[in-house]
Amino acid sequence: MASPRRFWLFKSEPGVFSFEDLLRARGKRTGWDGVRNYQARNLLRDDIAVGDGVLYYHSGGKAPSIVGLAKVTRAGHPDPTQFEEGSKGYDAGSDPKDPRWVQVTIQGVQALSKPLSLGDLKQERGLAGMALVQRGQRLSVQPVSVKEWRRVLQLGGVADDPTGP
DNA sequence: GCCAACGTTGGC
DNA sequence: GCCAACGTTGGC
């Protein structure tokens, strides 16, 4: 029996790569590259599977918000930018035979009818346990529980989970 | 622009 | 192995 799908929240600065950018990308897909934190890397490498659901979060700006839904279409594989000399993600210490950094591929599905700002989320009692609303939480890839996922979709005006199988 | 929180680095 | 210094994230 296949393990149940899981849910995640990915942070991105919209000025770097926004949800709109994702929807405009070829196949609405992108390699989620550039993660250079070991805890997040481990999630990408070990825990995130094809079919998992992703909340797309815009950090920074006046009202940082969850803005869209995506799904994982390819599990962890080496992040090519770690070997690109001159790129921001270049890591001279990463061995091509044993790459240090991992990406997954995600595909944009749809924007939330109602984007949910961090302020909105903090006011929801049912979401008090979300990693995102915890003080000092900086992880750019975070686990989301099924309950949190459902609540976010409900609040975001999405009736049926469009990322489902 | 400020600054709290956190992760990483490197001297010892 | 400790910990100070430094860099980054990201809300405000």
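In the text below, chain A, chain B and the rest are named by the order of the sequence lines, each starting its count at 1.
Although no hydrogens or angles enter the test, the distance criterion places no donor-acceptor pair under 3.5 Å between the side chain of A:D91 and the main chain of A:Q82. Judged by distance alone, the side chain of A:S87 and the main-chain N or O of A:G89 form a donor-acceptor pair under 3.5 Å. One N or O on the side chain of A:S94 and one on the backbone of A:R100 form a donor-acceptor pair closer than 3.5 Å.
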I'd like a list of close polar pairs between nucleotides 5-12 of chain C and the protein, N/O only, cut-off under 3.5 Å.
from   : atom 1 : to     : atom 2 : distance (Å)
C:dT8  : O2     : A:R138 : NH1    : 2.6
C:dG10 : OP1    : A:K11  : NZ     : 3.0
C:dG10 : OP1    : A:R138 : O      : 2.8
C:dG11 : OP1    : A:Y57  : OH     : 2.6
C:dG11 : OP2    : A:G60  : N      : 2.9
C:dC12 : OP1    : A:K122 : NZ     : 2.9

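Listed here is the closest heavy atom pair of A:V54 and A:F10: CG1-CG, 3.7 Å.
Within the 6.0 Å centre-distance limit, the rings of A:W101 and A:Y38 are counted as a close aromatic pair.
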